[in-house]
There are 2 protein chains.
Amino acid sequence: MTEETREPQRHTGFLLRRAQQRHVAAWQHEVSGDITNVQYGVLAVLARRPGLAQKEIGEELDLDRSTIADVCVRMERGGMISRVQDAQDRRRNVLHLTERGRAELKRVVPLVDEVQVTLARGLTAAEHEQLRVLLGKLLGD
Amino acid sequence: MTEETREPQRHTGFLLRRAQQRHVAAWQHEVSGDITNVQYGVLAVLARRPGLAQKEIGEELDLDRSTIADVCVRMERGGMISRVQDAQDRRRNVLHLTERGRAELKRVVPLVDEVQVTLARGLTAAEHEQLRVLLGKLLGD
DNA sequence: GACTAATACTCAGTGCACTGACTATTTCAT
DNA sequence: ATGAAATAGTCAGTGCACTGAGTATTAGTC
């Protein structure tokens, strides 16, 4: 009756993985240059809330300590952010945008929406919105 | 009027990335052992279609040549598959499950559905199905 | 004030995922 | 039959993402 082995291609996780790959591909196509989607996230959060510590940025973007550390190291190396030990709490690295980081953010912002459009090319606006709602619900908001 | 910088956390791509992370986390929680979701995909495809080449498996799972090569190397090292040069076309590596691979697939199959359930805990069955439909549409099937 | 907990970060190791450059092999056109 | 194009894999390099172990610093308890 039931199939011996369900096709892995139908699983939700498989679809999510592929959709995420499409997003990365769309990003690289629309946004030229070295900056990645995750790095854009760091810039955008930091623009609103300068002086956050690595840990807090990581929480905003749902990245664990090691991952956000890696990202920050790369971004500091690329001259987009500064990382300075907090004088009040010397365990913390506080982060700020550099001029280059601010400029890069400004360059990228108008392109970001195009990436979403490209990604959702096969969906109507209503379907796209519903997809976001469902993903938000899956994530528990 | 419009915000200077839209919150990156609201973008579809951001939600997809987080949802995919949840899937990986659910997988690791439900399926103990070394096997990953992608590796399960290789096992499941190979069970139905033994003797496929790396390239073909990669196409099934939407992975590029380098990625599927890495995965296959690891799985061969782990004793789950065999990789043999095709006598007819010596460019190809043909893949087969080993006994260990077959056993591992058998172990994992019943757990896979639980992963999907865990992942979609916040959704009704109808919402879950709709999410799959929308993702399929986004991917262009 | 000293001991313990908790916190923030680093470091090493592993896996997925991509590009671009390269090798080997097969196929196709002339 | 040969030379060009296409195909399948490998290899090096980069980035995201996690775990587990370790360090330094702060905060809390006695």
Side-chain angles (χ1 to χ4, degrees), chain A residues 8 13-14 16-29 31-42 51-59 61-78 80 83-95, chain B residues 8 13-14 16-29 31-42 51-59 61-78 80 83-95:
Chain A
F14 181 82
L16 285 171
R17 180 176 64 75
R18 286 184 61 202
Q20 155 64 4
Q21 283 170 217
R22 290 292 173 88
H23 175 240
V24 173
W27 182 276
Q28 286 174 342
H29 186 258
V31 185
S32 46
D34 290 332
I35 192 173
T36 66
N37 176 54
V38 170
Q39 293 180 14
Y40 156 73
V42 172
L52 283 189
Q54 283 185 196
K55 203 226 167 182
E56 292 152 349
I57 299 262
E59 281 168 358
L61 302 178
D62 207 15
L63 299 173
D64 74 309
R65 66 214 136 93
S66 289
T67 301
I68 191 63
D70 281 350
V71 172
C72 288
V73 165
R74 280 189 289 269
M75 293 181 76
E76 188 184 33
R77 206 163 51 210
M80 295 203 284
R83 295 201 304 158
V84 184
Q85 192 181 45
D86 187 355
Q88 265 68 49
D89 184 342
R90 299 203 310 262
R91 290 171 301 187
R92 298 157 70 87
N93 283 345
V94 293
L95 306 175
Chain B
F14 181 82
L16 285 171
R17 181 175 63 76
R18 286 184 61 203
Q20 156 64 5
Q21 284 169 216
R22 290 292 173 87
H23 175 240
V24 173
W27 182 276
Q28 286 175 340
H29 186 259
V31 185
S32 46
D34 290 331
I35 193 174
T36 67
N37 176 54
V38 171
Q39 294 181 13
Y40 156 73
V42 172
L52 284 189
Q54 284 185 196
K55 203 228 167 180
E56 292 151 350
I57 298 262
E59 281 168 359
L61 302 178
D62 207 15
L63 298 173
D64 73 309
R65 65 216 137 99
S66 289
T67 301
I68 191 64
D70 281 350
V71 172
C72 288
V73 166
R74 280 189 289 268
M75 292 182 76
E76 188 184 33
R77 206 163 52 212
M80 295 202 285
R83 295 200 304 159
V84 184
Q85 193 181 45
D86 186 354
Q88 266 68 49
D89 184 342
R90 299 205 309 264
R91 292 171 299 186
R92 298 157 70 87
N93 283 344
V94 294
L95 307 175

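Protein chains get the first letters and strands the later ones, always in sequence-line order, with residue 1 at the start of each.
Partner assigned to C:dT19 is D:dA12, using Watson-Crick or G-U wobble distances below 3.5 angstrom. Base-pair partner of D:dT26: not found among the strands shown (Watson-Crick or G-U wobble, both distances under 3.5 Å).
The side chain to side chain contact (heavy atoms under 4.5 Å, CB included) check on A:D70 picks up A:R74, with sequence neighbours excluded. Residues passing the side chain to side chain contact (heavy atoms under 4.5 Å, CB included) test with A:A53, sequence neighbours excluded: A:E56, A:R92.
Checking D:dT10, D:dG15, C:dG15 against the side-chain heavy atoms of B:Q39 singles out C:dG15 as nearest. Of the candidate nucleotides D:dC18, D:dT10, C:dG15, D:dT10 has the atom lying nearest to any side-chain atom of B:Q54.
The interatomic distance linking A:R17 (CZ) with C:dG15 (P) rounds to 16 Å, in whole Å. Between the CG atom of B:D64 and the P atom of D:dT10 there is a distance of 13 Å, given to the nearest Å. Rounded to whole Å, atom P of C:dT7 lies 13 Å from atom CD of A:E56. Note: CZ (B:R92) to C1' (C:dT26) measures 11 Å, nearest angstrom. With rounding to whole Å, B:R22 atom CZ is found 13 Å from D:dA17 atom P. The distance between atom CZ of A:R83 and atom P of C:dC9, rounded to the nearest whole Å, is 9 Å. Rounding to whole angstrom units, CD of residue A:Q28 and C1' of C:dT19 are separated by 8 Å. Remark: C1' of D:dA6 and NZ of B:K55 are 10 Å apart, rounded to the nearest angstrom.
Within 4.0 Å (heavy atoms only), A:T36 reaches sugar-phosphate atoms of the nucleic acid but no base atom. Across all strands shown, B:N93 has heavy atoms under 4.0 Å from sugar-phosphate atoms exclusively, and none from any base. Within 4.0 Å (heavy atoms only), B:V71 reaches sugar-phosphate atoms of the nucleic acid but no base atom. Contacts of B:Q20 with the nucleic acid, taken as non-hydrogen atoms under 4.0 Å apart, are absent. Residue A:A25 is out of contact with every strand shown, counting any heavy-atom pair closer than 4.0 Å. B:R18 comes within 4.0 angstrom of no nucleic acid atom, judged by non-hydrogen atoms across all strands.
Surrounding CG of B:D64 are more than 12 heavy atoms belonging to other residues, nucleotides or ligands, all under 6.0 Å away.
Nearest-nucleotide positions on DNA chain C for A:Q21 and B:Q88 put A:Q21 closer to the 5' end. Each of B:E59 and B:D70 was matched to the nucleotide of DNA chain D holding its nearest heavy atom; the match closer to the 5' end belongs to B:E59.
The main-chain N or O of B:Q54 is never found under 3.5 Å from a side-chain atom of B:R83 such that the two would form a donor-acceptor pair. Within the 3.5 Å criterion, the main-chain N or O of B:L16 finds no donor-acceptor partner in the side chain of A:Q20. Side-chain atoms of B:Q21 come within 3.5 Å of backbone N or O of A:D62 as a donor-acceptor pair.
Of the options A:N37, A:T36, A:V38, a side chain to side chain contact (heavy atoms under 4.5 Å, CB included) to A:Y40 is made by A:N37 and by none of the others.
Rounded to the nearest 0.5 Å, atoms CD (B:E59) and CG (B:L61) are 10.5 Å apart.
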Quick test: give all pairs of protein nitrogen or oxygen and nucleotides 22-25 of chain C nitrogen or oxygen below 3.5 Å, distance rounded to 0.1 Å.
from   : atom 1 : to    : atom 2 : distance (Å)
C:dT25 : O2     : B:R91 : NH1    : 3.4

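Looking at A:S66, its side chain comes within 3.5 Å of the base of C:dC11 through a donor and an acceptor atom.
With a glycosidic angle no more than 90° from 0, C:dA5 adopts the syn conformation.
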